[in-house]
Q: 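Dropping a structure here in structure tokens format, bear with me for questions.
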Amino acid sequence: MGTERKRKVSLFDVMEDPSLSAKNTKSNGLGAAAGVSDLINKWNGKAYSQRYFEILEKRKDLPVWLQKDEFLRTLHSNQTLILIPQFVLDAVVAENTDTRKKWLIGCTQPRRVAAMSVSRRVADEMDVTIGEEVGYSIRFEDCSSSRTMLKYLTDGMLLREAMADPLLERYKVIILDEAHERTLATDVLFGLLKEVLRNRPDLKLVVMSATLEAEKFQEYFSGAPLMKVPGRLHPVEIFYTPEPERDYLEAAIRTVVQIHLCEPPGDVLVFLTGEEEIEDACRKINKEVSNLGDQVGPIKVVPLYSTLPPAMQQKIFDPAPEPLTEGGPAGRKIVVSTNIAETSLTIDGIVYVIDPGFAKQKVYNPRIRVESLLVSPISKASAHQRSGRAGRTRPGKCFRLYTERSFNNDLQPQTYPEILRSNLANTVLALKKLGIDDLVHFDFMDPPAPETLMRALEVLNYLGALDDEGNLTRTGEIMSEFPLDPQMSKMLIVSPEFNCSNEILSVSAMLSVPNCFVRPREAQKAADEAKARFGHIDGDHLTLLNVYHAYKQNNEDPNWCFENFVNNRAMKSADNVRQQLVRIMSRFNLRMCSTDFNSRDYYVNIRKAMLSGYFMQVAHLERTGHYLTVKDNQVVHLHPSNCLDHKPEWVIYNEYVLTTRNFIRTVTDIRGDWLVDVAPHYYDLSNFPNCEAKRVLEKLYKKREKEKDESKSRR
DNA sequence: GAGCACTGC
């Protein structure tokens, strides 16, 4: 349970619940819950274990423990205030004496690992078996049962449950934890729960947040009461640079060296923006410190980012190196990390934080429907979170590589919520499925730009998920069941018509996991050669299919993966995703089928099926030699990772990435006349910007007309 | 001829 510097907002429906006031006389029940001293566990009727008492002693030291009675009293007099899931359990038990009645408390987390680890911790605290009274539910793993009273789940998972059960009737209380992170799913849940509360006076909602935005949450939920829990962090001294730094990377490295030279022992955490920058910085830090000779203590520089193999990630928990000689200068661990260390991963023992003030952040441009990652300044809230990482074990220091003036004047107070930075096609589809028909008047805490919503509706309409009135179609309903982007769900749904659903399942799975091609710095050539062996001349999607087939043919052998520079983890995960997709296909009686591999149509069918989903992500090769995206007319380049041996006239692409240039990544050759067949509604030339592609398409349409006439006259 | 912030279903 996050007990660090947090302000917890507890919010309930403003409507009064008569069943609560009727129970007000039973305050003893509440008090008793806090002071249980029996040796029998009231949750499962078993004797408490030794471990229970050990954990209990530690829990009693937590700041929140002192407030438990206060909370329960407040609940008693306010009818509405509860905090911390275990307390909620006590409270709900006290209020629901009828044990035959089923009820469930759900607690959401933004990340799977958190849902798992927090539920394990709570099960330990209550001395019950995980998956019984306390459980969790995440994608690919449901560890809960009919006995479960307290269930941890990811916010995305609760949203999924809501799609099948719009009033969330299984739940008595819903707790949204880490609400300040404002994930897309949490924001959708905010709006949704606000509506559900109106229709379910018996449902209670608790929102937990760690920032000053608490007041905003209060206002959004009609003035719900606020409770604060003191933090347990040590003080962190903040230092700013007197002048702005021109090169934050250089400044960060210089600061590491300074700390190592001048500061007392203690580990260092440096925030940088991405893998390449981090690896580069690690090498430079090692070099600079080795130049200092043995007058300084030894260092251990550890990179940290999400795509790092777990064994490498574990190194952040290694202790700092021992002094080289007895009594010599102390060693120091230096962790160089992305934002992953800001929220997802906590490293104890960090005393010094270096914050250059940047992070890669997702931005969305609705005009060209492109999501991209841009290095941008962080928010004050984020800077605060980063500095807090220095004070977990003892008082620390944070070096901000920007001026105090810049902190005060330039940084926005909060990071823009994800919902304002994302393509919302998938979200809008989910909302439609949840029965939200009027998106314009849906009560978003931060309403997305109307253009973003319009774009999402437009895309869903072109895909046939929404009709012209904006109502969910049967296709849209099925699409919403897939944990994929709408384009991909569409291509899966139509794939049986092209007799290639087995292959489209594999391609979809491969596109849903991290890049499967490994390219170590020391073996780039060998890795490129290995990749080329999987290459399909018609495109990267088909190359991915080749890799998947080869992986299966080699019995999912990790050694085979290693020898072929294929990421075994990615492949395992693709297999897992594929199985999930197969289950969904079966549920809707979508046929699993393949074209005969020796048929000329084998790959043609696959490419046509892909086009049926991705007809809005097409680029045309202009006579000038560069590609223009169709309709949006953006100049793009084939990403150098592609494995085509030629420049096709038309390609579909999976991703548009803005880095040194505008790249389209994962591309496959398709034919212009398929566009006319597969997506005539999108390639309606009366509604098409004037360009070379339009003229080519005009010819194709004329040819089509002519062929039709000829076949008619022949008949 | 370049990269992969972080999540989630």
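Residue numbers start from 1 in every chain, and the chains themselves are labelled A, B, ... in the order their sequence lines are given, proteins ahead of strands.
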Q: Starting at CZ of A:Arg160 and ending at P of B:dC9, how long is that distance when rounded to a whole Å?
A: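 Nearest whole value for this atom pair: 9 Å.
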Q: By nearest nucleotide on DNA chain B, pick out whichever of A:Arg661 and A:Thr307 is the more 5' one.
A: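 On the 5' side of the pair lies A:Arg661.
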Q: Of the nucleotides B:dC6, B:dC9, B:dA2, which has the atom closest to the A:Arg139 side chain?
A: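 It is B:dC9.
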Q: Answer yes when A:Asp528 and A:Arg533 have at least one side-chain N-carboxylate O distance shorter than 4.0 Å, and no when they do not.
A: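 Not counted as a salt bridge, because no side-chain N and carboxylate O are separated by less than 4.0 Å.
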Q: Using a heavy-atom cut-off of 4.0 Å across all strands, would you classify A:Glu275 as base, sugar-phosphate, or nothing?
A: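 Base contact - A:Glu275 has a heavy atom under 4.0 Å of at least one base atom.
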Q: In this structure, how many angstroms lie between the P atom of B:dT7 and the CZ atom of A:Phe140, rounded?
A: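 Between P of B:dT7 and CZ of A:Phe140: 15 Å.
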Q: Tell me whether the rings of A:Tyr548 and A:Tyr551 are parallel (<30°), tilted (30 to 60°) or perpendicular (>60°).
A: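 Rings of A:Tyr548 and A:Tyr551: tilted, as their planes differ by 30° to 60°.
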Q: I want to verify a distance call: between B:dC9, B:dG1, B:dC4, whose nearest atom is closest to the A:Pro640 side chain?
A: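 Taking heavy atoms from C-beta onward, the closest nucleotide is B:dG1.
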Q: Using the side-chain heavy atoms of A:Thr338, tell me which of these nucleotides is nearest: B:dA2, B:dC4, B:dC6.
A: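 Closest of the options to the side chain of A:Thr338: B:dC6.
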Q: With heavy atoms under 4.0 Å as the rule, sort A:Asn339 into base, sugar-phosphate or nothing.
A: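 Nothing, no nucleic acid heavy atom in range.
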Q: Could you label the plane-to-plane angle of the A:Tyr614 and A:His541 rings as parallel, tilted or perpendicular, counting under 30° as parallel and over 60° as perpendicular?
A: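 Correct class here is tilted.
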Q: B:dC6 P sits how many Å from A:Ile378 CD1, rounded?
A: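 Taking CD1 of A:Ile378 and P of B:dC6, I get 16 Å after rounding.
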Q: Between A:Tyr416 (OH) and B:dT7 (P), how many Å, whole number?
A: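 Interatomic distance, OH of A:Tyr416 to P of B:dT7: 24 Å.
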Q: When the distance from CG of A:Asp280 to C1' of B:dG3 is rounded to whole Å, what number comes out?
A: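 Spelled out: CG on A:Asp280 to C1' on B:dG3 is 14 Å.
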Q: Given B:dT7, B:dC9, B:dC4, which nucleotide is nearest the side-chain atoms of A:Leu373?
A: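 Within the option list, the nearest is B:dC4.
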Q: According to ring-ring contact (aromatic ring centres under 6.0 Å, His included), does anything in residues 515-535 of chain A pair up with another residue at least two apart or in another chain? List the pairs.
A: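 Residue pairs passing ring-ring contact (aromatic ring centres under 6.0 Å, His included), neighbours aside: A:Phe534-A:Trp560.
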Q: Less than 3.5 Å between a donor and an acceptor, one on the side chain of A:Arg519 and one on the base of B:dG3, is that the case here?
A: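 Under the 3.5 Å cut-off, the side chain and the base do form a donor-acceptor pair.
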Q: OP1 or OP2 of B:dG3 versus the side-chain N and O atoms of A:Ser641: is any pair under 4.0 Å?
A: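 No, no such contact exists.
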Q: Quick one: which of B:dG8, B:dG3, B:dT7 gets closest to the side chain of A:Arg665?
A: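 The answer is B:dG3, which lies nearest to the side chain.
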Q: Tell me the interatomic distance from A:Gln385, atom CD, to B:dC6, atom P, rounded to whole angstroms.
A: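 Rounding to the nearest Å, CD of A:Gln385 and P of B:dC6 are 16 Å apart.
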Q: Is A:Glu141 salt-bridged to A:Arg112, cutoff N-O under 4.0 Å?
A: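 No.
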Q: Students often get this wrong, so: under 4.0 angstrom with heavy atoms, is A:Leu184 touching a base, only sugar-phosphate, or nothing?
A: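 Nothing: the residue A:Leu184, judged by heavy atoms under 4.0 Å, touches no strand.
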Q: Take atom CG of A:Leu153 and atom P of B:dT7, then tell me their distance rounded to the nearest Å.
A: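 In whole Å, B:dT7 P and A:Leu153 CG are 18 Å from each other.
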Q: Decide, yes or no, whether a salt bridge links A:Glu181 with A:Arg111 under the criterion of side-chain N to carboxylate O below 4.0 Å.
A: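 Yes, charged N to carboxylate O under 4.0 Å.
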Q: Ignoring the backbone of A:Ser306, work out which of B:dC4, B:dG3, B:dT7 is nearest its side chain.
A: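 Of the options given, the side chain of A:Ser306 lies nearest B:dT7.
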Q: Of all the choices, B:dC4, B:dT7, B:dC9, which nucleotide is nearest to the side chain of A:Ile340 once you look at every atom?
A: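 Of the candidates, B:dT7 comes closest.
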Q: Round to a whole Å and report the spacing from CG of A:Leu429 to P of B:dC9.
A: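 Whole-Å distance recorded here is 17 Å.
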